[in-house]
There are 2 protein chains.
Amino acid sequence: MAGRGGMAGLKQVQRQTGVALWRQIADRIREAISTGAYDETGMVPPETMLALQFGVNRHTVRSALAALAQEGIVRAVQGRGTLIERKERLNFPITRRTRFTAGIGDQAREMRGLLLDEAKEEASAEIARWLGLKPGEQVIRLETLRQADKRPVSRATSWFPAKRFAGIGAAYRAGESITKAFAELGLPDYVRATTEVTAAHASAADMADLELTPGAILLIAKAMNTDLEGMPVQYSISRFAADRVQFTIEN
Amino acid sequence: MAGRGGMAGLKQVQRQTGVALWRQIADRIREAISTGAYDETGMVPPETMLALQFGVNRHTVRSALAALAQEGIVRAVQGRGTLIERKERLNFPITRRTRFTAGIGDQAREMRGLLLDEAKEEASAEIARWLGLKPGEQVIRLETLRQADKRPVSRATSWFPAKRFAGIGAAYRAGESITKAFAELGLPDYVRATTEVTAAHASAADMADLELTPGAILLIAKAMNTDLEGMPVQYSISRFAADRVQFTIEN
DNA sequence: TATGGTTGTCTATATCAATAGACATTTTAA
DNA sequence: TTAAAATGTCTATTGATATAGACAACCATA
């Protein structure tokens with residue numbers, strides 16, 4: 001028995017599906033780069049070889065490579081080939097002590113957390129349930145963008161009980177981290193209680209914030225943090241650029 | 001301050017991106033259905049309204065709805081509207097005692113696990129590392145397809161130490177579950193050690209197995225299970241149809 | 001310096017995606 | 001019975017996608 005699993009064999013791209021061939025090919029090459037398939041040479045195979053491999057015209061491959069060059073992943077050099085510029089995928093551990101900045105701190109030189117927006121609002125039924133509040137109680141919502149080495153990694157919306165964490169927006173803007181903002185407001189430690197992970201296509205807003213192209217994938221983590229007594233302190237929905245991260249769960 | 005977060009505002013679909021408008025719209029509507037946006041009526045808004053909302057021609061919306069009908073998510077009825085047929089998303093808890101069948105057992109009537117292929121092979125460096133073997137030692141690889149109510153949910157490739165689990169293919173085929181197969185072979189209990197989660201576009205093979213369309217998203221879980229002494233017993237790569245599942249991590 | 005291998009550019013053609021408009025068909029409700 | 005609202009079908013046109021071929025420009029190396 002054999003024939004399934006692993007090996008290519010099947011046609012790798014499909015026509016008439018609403019997704020252009022050049023985009024399907026770009027997605028496959030991006031994936032191959034991030035898994036280290038071309039590490040030996042540091043280059044993508046020649047256009048003619050890729051065209052043969054995917055069963056398309058060389059021009060179609062060129063469209064795919066142009067898109068990847070636009071993303072800054074490869075750089076074509078006439079006469080030599082197409083060089084790989086960037087291939088990282090940040091690992092993001094999800095544990096009881098999950099922290100964004102510390103979690104990937106050693107995998108990137110510069111971590112930043114930008115506050116895009118802050119608002120005080122009434123808790124919806126869902127937010128209230130997660131934070132252990134009554135619907136309509138005041139919560140503070142923060143819209144944040146997290147970057148690693150100037151490259152956007154995730155876009156998060158977080159809610160906090162307004163009474164307990166007044167001023168968390170300013171604290172976040174100053175420290176660029178939830179952990180530091182909590183510490184500033186008198187909460188030295190907290191733990192991750194639950195995390196729900198899904199995946200979806202990027203919306204237009206996420207494309208803009210995370211510098212993605214249509215068809216791009218998001219890993220979505222809905223998380224609830226509590227203080228050490230088990231009282232909810234934060235509920236957040238984080239949208240990660242899926243080709244830049246992986247989650248690790250250690251049990 | 002306001003304006004970000006939540007509300008639409010921006011153009012929801014983009015042109016000249018390699019992803020056809022009708023597919024982008026289909027993805028948005030599928031997502032809206034699964035989050036319960038149309039639960040009040042049980043129907044999708046009229047085609048003319050969707051066309052207005054997305055800023056496209058009615059025919060383009062019709063292409064999107066035709067694709068969703070093809071997937072069995074909606075059903076158009078002339079004169080009435082477009083009815084929502086299915087909107088479930090299975091929850092899959094990832095804990096120390098993660099088991100596929102038990103995990104979603106109460107969310108579906110009929111759970112099945114089909115053995116697609118079985119092979120004995122030499123462990124690659126990566127597989128050997130995960131299973132605590134020397135590269136080249138014999139392992140058994142199982143290719144399985146898991147279904148909930150006859151709908152494919154995930155496609156998994158699993159490796160087991162060949163010496164300890166000879167005959168696991170037959171045991172899986174009989175019991176349609178890893179847990180039962182392990183029990184059959186004298187391992188009554190085991191635990192999930194680590195799980196890595198990523199997302200990617202579906203390959204052609206996955207599209208076929210999971211009945212997906214191009215552009216569809218996979219949630220990929222790479223998991224290692226051990227026996228109660230901490231000895232690795234299984235390494236697996238499971239590819240889930242992202243629009244049918246969510247993962248939950250309880251810390 | 002010559003050659004082979006590679007990316008860059010151009011022209012031409014066929015197919016798919018998207019818009020536009022008109023009208024038919026079916027259901028629901030006035 | 002009628003009208004309104006919804007999906008179904010058809011024709012026509014435009015722009016994006018994909019193929020095909022030819023050749024130029026550039027790089028590394030023999």
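Since we're looking at a predicted model, the values are computed, not measured. In what follows, every chain begins at residue 1, and chains take the letters A, B, ... in the order their sequences are listed.
Looking at H59(B), its side chain comes within 3.5 Å of the base of dG21(C) through a donor and an acceptor atom. A donor-acceptor contact under 3.5 Å is formed by the side chain of R58(B) with the base of dG8(D). The base of dT25(C) is paired with the side chain of Q78(B) by a donor and an acceptor separated by under 3.5 Å.
Separating the CZ atom of R23(B) from the P atom of dC16(C) is a distance of 16 Å, rounded to the nearest angstrom. Atom pair I25(B):CD1 and dA18(C):C1' shows a separation of 10 Å (rounding to whole Å applied). Nucleotide dA22(D) holds its P atom 18 Å from the CZ atom of R62(A), rounded to whole Å. Distance CE (M43(B)) to C1' (dT27(C)): 10 Å, rounded to an integer number of Å. In this structure, the CG atom of L52(A) is 13 Å from the P atom of dT19(D), given to the nearest Å.
Considering all non-hydrogen atoms of both residues, E176(A) and L114(A) come closest at OE2-CD2, 4.0 Å.
Classified by interplanar angle (parallel below 30°, tilted 30° to 60°, perpendicular above 60°), the ring pair Y235(B)/W130(B) is parallel.
S154(B) and R146(B) share a side-chain donor-acceptor pair at under 3.5 Å.
Within 4.0 Å of T82(B), counting heavy atoms only, lie sugar-phosphate atoms of the nucleic acid but no base atom.
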